[in-house]
> 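Pasting a structure here, questions to come.
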Amino acid sequence: MQYASSLINPGLGASWARRLARAATETAFGYGVDQGLPFLREQICRYVAKSRGIQTTPDRVIVVSGTRQALALCSRVLVDEGETIAIEDPQYFGTRQQFAAYGARVLPMPTDNEGLICRALPTAAPRLILVTPAHQFPSGTVMSLQRRLQLLNYAGARFCWIVEDDYDGGLHHDSQPLSPMRALDRNDRVIHVGTLSRVMFGSLRFGYMIVPEALRDDFVHAKNLADFSFSAIDQLALAHFMDDGGFERHIRFVHKELRVRHRAMIEGLRCYAGERVKIAGAHSGMHLVGWMPDYDHDEVETPLASAADCGLGLYSIARFYLVRPSTPGLVLGYAALSVTQIRDALQLFGECLNTIDARARRLGSNIDDC
Ligand SMILES: Cc1ncc(COP(=O)(O)O)c(C=O)c1O
């Protein structure tokens with residue numbers, strides 16, 4: 001799956017190259033500041049205040065190399081070998097692997113259509129709980145306000161930490177986003193992690209953490225041990241991009257275009273898959289989930305390879321779970337495809353479904369008239 005917004009905005013490469021060239025002439029050649037360039041941290045504060053409603057100050061921001069490094073620093077600072085951490089099930093492989101590599105005992109927590117089920121959390125609190133409230137990865141559920149508050153109460157009462165992975169930067173299509181956990185947090189228990197891998201491009205390797213006061217020094221120290229700091233030229237280029245309005249224009253462009261692709265995706269699925277696929281998690285982000293309750297896992301997974309031979313990338317959601325879900329489903333990314341490509345891909349997908357149905361002798365499910 002390709003998610004980067006550079007695939008949506010073809011002008012991004014040239015804009016970025018201009019900022020990089022300027023930054024290269026303005027950057028001092030010594031080592032950077034561990035925590036990140038102060039000018040960039042100020043820009044990040046403005047960005048999260050405007051786009052996510054998070055009020056913070058530059059001393060609480062740490063510039064990192066993407067979410068991966070943020071998770072590695074959380075493991076290093078917070079988790080001792082054998083300690084328990086809780087993650088949502090399903091989840092991003094990177095999360096699970098990162099904590100497991102540091103010796104954490106990873107506890108999968110069930111999720112439903114309101115996000116992580118808080119009443120399933122253990123009485124003895126884990127060291128930290130990692131969530132993706134804005135757009136659960138990969139199911140796409142938006143965590144309800146009630147669940148967010150329950151989770152904050154749980155963490156506040158038991159002194160455990162919450163890591164909020166805000167990986168798709170609040171790209172909402174049809175409703176106002178709920179406040180991030182960091183903005184609702186009254187006890188300073190939330191570590192907010194943002195990345196530009198989706199809203200710009202993954203090879204930039206840029207991310208940021210907004211950390212609780214009590215953890216700030218430990219995180220800055222851990223960052224220093226890891227790599228001194230993120231590339232100073234990229235930091236300055238990004239600070240200029242944010243300061244001169246280019247970044248905001250890029251996000252606006254991406255958002256507008258993404259909505260068009262999102263609409264094409266929903267219409268195409270309705271047209272070619274009809275009732276056979278139940279759409280979920282489509283309110284924001286760059287992917288949605290198609291649940292297929294009338295099929296079994298083998299029926300859905302066996303044709304994935306032949307679909308790939310036809311150039312169609314279909315990904316089973318089951319592989320993102322530690323505890324296999326009862327219903328099969330597919331994670332369907334659309335950000336990297338034009339409207340025509342989306343329509344062609346979904347037509348092919350409809351043909352795949354027809355083949356599965358014909359094999360299983362399901363009657364009346366073919367859709368001819370789109
Ligand atoms: C849930 C989740 N978090 C974070 C990321 C991005 O990670 P990074 O910032 O290291 O590129 C992804 C990328 O697919 C993701 O799916």
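Counting starts at 1 for both ligands and their atoms, in listed order.
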> Is there a polar contact between ligand 1 and Arg68, counting only N or O atoms under 3.5 Å apart?
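Yes; at least one N/O pair falls below 3.5 Å.
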> List every atom of ligand 1 that sits less than 4.0 Å from any heavy atom of Thr67, numbering the atoms from 1 in the order shown and giving each element.
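So the atoms of ligand 1 that pass are 4 (C), 6 (C), 7 (O), 8 (P), 9 (O), 10 (O).
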> Report, one line per pair, each donor and acceptor closer than 3.5 Å where one atom sits in a side chain of residues 49-56; sequence neighbours left out.
{"from": "Lys50", "atom 1": "NZ", "to": "Glu248", "atom 2": "OE1", "distance (Å)": "3.4"}
{"from": "Lys50", "atom 1": "NZ", "to": "Glu248", "atom 2": "OE2", "distance (Å)": "2.9"}
{"from": "Ser51", "atom 1": "OG", "to": "Tyr47", "atom 2": "O", "distance (Å)": "2.9"}
{"from": "Arg52", "atom 1": "NE", "to": "Asp166", "atom 2": "OD2", "distance (Å)": "2.7"}
{"from": "Arg52", "atom 1": "NH2", "to": "Asp166", "atom 2": "OD1", "distance (Å)": "2.8"}
{"from": "Arg52", "atom 1": "NH2", "to": "Asp166", "atom 2": "OD2", "distance (Å)": "3.2"}

> When you look for heavy atoms under 4.0 Å from ligand 1, do you find them on the side chain of Thr195, its backbone, both, or neither?
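Under 4.0 Å from ligand 1, Thr195 contributes side-chain atoms alone.
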> Which ligand 1 atoms, with their elements, are less than 4.0 angstrom from a heavy-atom of Ser197?
8 (P), 9 (O), 11 (O)
> Scan for salt bridge (Lys or Arg N to Asp or Glu O under 4.0 Å) pairs involving residues 129-147, sequence neighbours excluded, and state none if there are none.
Asp112-Arg147, Glu114-Arg147
> With Ile162, which of Ile191, Leu152, Leu130 fulfils side chain to side chain contact (heavy atoms under 4.5 Å, CB included)?
Leu152
> Do any heavy atoms of Arg205 fall under 4.0 Å from ligand 1?
yes
> With heavy-atom distances below 4.0 Å as the criterion, list the atoms of ligand 1 near Gly66.
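So the atoms of ligand 1 that pass are 9 (O), 10 (O).
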> Between Tyr315 and Phe320 (judged by ring centroids, cut-off 6.0 Å), do the two rings come close enough to count as a pair?
no
> Hey, is the main chain of Gln91 close enough, under 3.5 Å, to the side chain of Glu88 for a donor-acceptor pair?
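Checking the backbone N and O of Gln91 against the side chain of Glu88, no donor-acceptor pair under 3.5 Å is found.
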> Could you tell me which atoms of ligand 1, counted from 1 in the order shown, lie closer than 4.0 angstrom to a heavy atom of Asp165?
1 (C), 2 (C), 3 (N), 4 (C)
> If we set the cut-off at 4.0 Å for heavy atoms, which region of Arg198 has an atom near ligand 1: side chain, backbone, both, or neither?
side chain
> When you compare the side chain of Lys223 with that of Phe228, does any pair of heavy atoms fall below 4.5 Å?
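No, their side chains stay 4.5 Å or more apart.
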